[in-house]
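The block underneath contains the structure these notes are about, expressed in structure tokens.
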Amino acid sequence: MEEADNSALSPASSNTSQVSEDLNSTPSQGKSSGKSKQKINIKEELEKRQGGKQLLNLVVIGHVDAGKSTLMGHLLYLLGHVNKRTMHKYEQESKKAGKASFAYAWVLDETGEERQRGVTMDVGMTKFETKRKVITLMDAPGHRDFIPNMITGAAQADVAILVVDASRGEFEAGFEAGGQTREHALLVRSLGVTQLAVVVNKMDQVNWQEERFREVTSKLGHFLKQAGFKDSDVSYIPTSGLSGENLAKKSEVNELKSWYKGPCLIDQIDLFKAPQRSIDKPFRLCASDVFKDQGSGFCVTGKIEAGYVQTGDRLQVMPPNETCSVKGITLHDEAVDWATAGDHVSLTLTGVDIIKINVGCVFCSLSEPIRACTRFRARVLLFNFDVPVTQGFPVIIHYQTISEPATIRKLISVLHKSTGEVVKKKPK
């Protein structure tokens with residue numbers, strides 16, 4: 001089953017539209033709307049709330065040890081999200097642990113085990129702002145064993161940064177068979193990410209050579225085109241995560257300046273196009289965590305996929321088919337009156353027993369609930385697999401935050417990869 005679990009099945013029958021958007025930084029205006037329970041004009045409120053900044057969910061992917069956490073940790077430090085004292089503490093501690101070069105990675109790798117092993121395991125989440133965007137950053141694990149966690153992160157993103165290691169031998173190891181560079185790129189593409197920034201990291205190891213940069217980008221470019229990324233949606237940036245070159249401002253290193261004229265990383269992130277979000281669709285939220293709160297009721301967290309929610313709304317939970325009411329909404333640790341598609345929120349709920357709610361339950365509007373089913377028809381894209389897929393083939397479905405075992409009951413047809421036309425009916 002090792003290779004099979006990479007084919008993240010996309011449920012064709014569910015009508016959630018993949019929306020992705022980032023969390024916003026300013027709390028909502030108008031506290032009175034909750035009491036009188038009038039319907040708010042969501043579009044007007046949204047424009048007020050973001051102060052004109054678009055929201056964006058960004059996932060950072062790539063082979064293990066390509067330097068993803070160090071790169072983003074250093075970027076956050078340069079943007080002033082980590083104060084000097086904390087950074088100094090990390091530097092001291094990582095030196096003590098014999099991992100001096102891991103200091104910036106510790107900004108995002110918070111648990112003891114991640115720090116001890118120097119490997120990201122879970123998806124770390126933080127938020128920062130650029131000139132025109134508010135970004136929620138998800139640092140995904142590159143290690144093969146944590147692919148399910150990486151799928152969870154990528155499913156909530158709409159743009160991705162693919163980090164590759166420029167040092168000799170390392171790029172090849174991540175890119176050839178068994179490396180995670182290809183696998184991650186294919187996964188984010190099949191989860192609906194269309195825009196990609198490729199960060200060619202550790203360029204200081206090869207003295208900022210232009211020919212090495214060209215070699216890496218041409219190999220990758222060819223592959224990404226096959227994976228279905230448009231050339232115009234992919235950009236390449238040479239950086240060094242450890243020394244911080246070309247991250248928050250254009251690099252001053254002469255070896256790089258002489259040939260690289262493009263943007264630095266933060267400007268490239270700013271250039272990403274924000275996706276459309278489904279505010280007008282019926283409300284959908286997939287629970288990624290369920291926990292008891294102080295006082296009455298309990299909390300669920302997750303990303304709103306579509307629609308919007310206000311305090312006092314009644315929601316239906318599927319598949320348990322229970323109804324509950326929203327007592328409070330928390331966004332970035334601030335209580336708000338409403339939240340909309342793309343926000344990562346935590347809802348305080350009452351009127352339903354916590355035992356009945358699991359991770360992966362979908363909260364939806366009463367008027368248009370999602371349908372529960374035991375079988376659905378799906379279009380599946382297969383990458384490298386060793387065993388032929390037949391009727392009765394066992395698979396694991398990863399959807400949003402859950403993974404469930406399932407069986408292929410029937411193979412309906414084989415489709416052409418690029419046109420989607422039926423090539424063969426009822427294949428074996």
Side-chain angles (χ1 to χ4, degrees), residues 16 19-51 53-57 125-127 134-136 138 156 277-318 320 322-354 356-370 400-401:
T16 43
V19 201
S20 190
E21 198 201 324
D22 218 310
L23 287 183
N24 12 15
S25 45
T26 43
S28 68
Q29 284 85 10
K31 279 280 176 225
S32 60
S33 64
K35 306 202 174 39
S36 54
K37 191 67 187 85
Q38 67 225 34
K39 278 283 178 211
I40 53 173
N41 182 337
I42 198 80
K43 290 195 170 146
E44 275 176 25
E45 293 286 336
L46 250 183
E47 276 166 19
K48 270 193 256 173
R49 179 177 75 173
Q50 291 159 24
K53 285 198 178 184
Q54 293 171 313
L55 308 175
L56 203 62
N57 276 333
M125 272 200 185
T126 18
K127 96 171 213 294
V134 180
I135 309 283
T136 294
M138 288 170 290
Q156 300 174 2
R277 33 181 155 346
S278 327
I279 303 171
D280 318 333
K281 302 257 171 62
F283 179 73
R284 297 280 185 267
L285 177 139
C286 190
S288 59
D289 201 4
V290 182
F291 55 91
K292 201 87 180 101
D293 200 21
Q294 303 95 350
S296 65
F298 62 93
C299 288
V300 296
T301 55
K303 191 182 110 206
I304 302 179
E305 294 293 333
Y308 64 95
V309 64
Q310 287 177 256
T311 42
D313 278 357
R314 290 192 62 71
L315 299 177
Q316 186 157 353
V317 195
M318 297 300 280
E322 301 275 333
T323 54
C324 56
S325 3
V326 180
K327 204 170 113 184
I329 304 172
T330 317
L331 184 79
H332 270 246
D333 304 330
E334 290 171 3
V336 292
D337 285 338
W338 57 274
T340 172
D343 297 347
H344 288 262
V345 290
S346 115
L347 305 177
T348 311
L349 302 172
T350 52
V352 63
D353 192 351
I354 188 168
K356 292 181 176 156
I357 309 295
N358 301 319
V359 169
C361 281
V362 179
F363 291 79
C364 32
S365 57
L366 288 176
S367 54
E368 295 191 52
I370 198 165
Q400 299 288 350
T401 47

What heavy-atom pair brings [X] and [Y] nearest, and what distance separates the two atoms?
{"X": "Val336", "Y": "Thr311", "result": "O-CG2, 3.9 Å"}
{"X": "Phe291", "Y": "Phe298", "result": "O-CB, 3.4 Å"}
{"X": "Ala287", "Y": "Phe363", "result": "CB-CE1, 3.9 Å"}
{"X": "Ala306", "Y": "Ala341", "result": "CA-CB, 3.9 Å"}
{"X": "Asn57", "Y": "Gly342", "result": "ND2-O, 4.4 Å"}
{"X": "Asp289", "Y": "Val359", "result": "CA-CG2, 4.1 Å"}

Results of side-chain hydrogen bond (donor to acceptor under 3.5 Å, both in side chains) for Thr330 - residues two or more places apart only: none
Listed partners of Thr323 passing side-chain hydrogen bond (donor to acceptor under 3.5 Å, both in side chains), at least two apart: Arg314
Side chain to side chain contact (heavy atoms under 4.5 Å, CB included) evaluation trace for Val326 with Gln310: CA-CA 8 Å; Val326 180; Gln310 287 177 256; over 6 Å; no
Rounded distance [0.5 Å steps], [atom1] in [X] versus [atom2] in [Y]:
{"X": "Cys299", "Y": "Ile329", "atom1": "SG", "atom2": "CD1", "answer": "11.5 Å"}
{"X": "Tyr308", "Y": "Asp280", "atom1": "OH", "atom2": "CG", "answer": "9.5 Å"}
{"X": "Leu315", "Y": "Leu349", "atom1": "CG", "atom2": "CG", "answer": "7.0 Å"}
{"X": "Leu285", "Y": "His344", "atom1": "CG", "atom2": "NE2", "answer": "10.5 Å"}
{"X": "Ile304", "Y": "Trp338", "atom1": "CD1", "atom2": "CH2", "answer": "9.5 Å"}
{"X": "Lys281", "Y": "Glu305", "atom1": "NZ", "atom2": "CD", "answer": "11.5 Å"}

Side-chain heavy atoms of Leu347 within contact of Val309, under 4.5 Å: yes
Close side-chain approach of Pro320 and Cys361, heavy atoms under 4.5 Å: yes
Criterion side chain to side chain contact (heavy atoms under 4.5 Å, CB included) on Cys364 and Met318, from CA distance to verdict: CA-CA 8 Å; Cys364 32; Met318 297 300 280; 3.9 Å; yes
Ser288 side chain vs Thr301 backbone, donor-acceptor pair below 3.5 Å: yes
Stepwise side chain to side chain contact (heavy atoms under 4.5 Å, CB included) test for Thr350 and Cys324: CA-CA 6 Å; Thr350 52; Cys324 56; over 6 Å; no
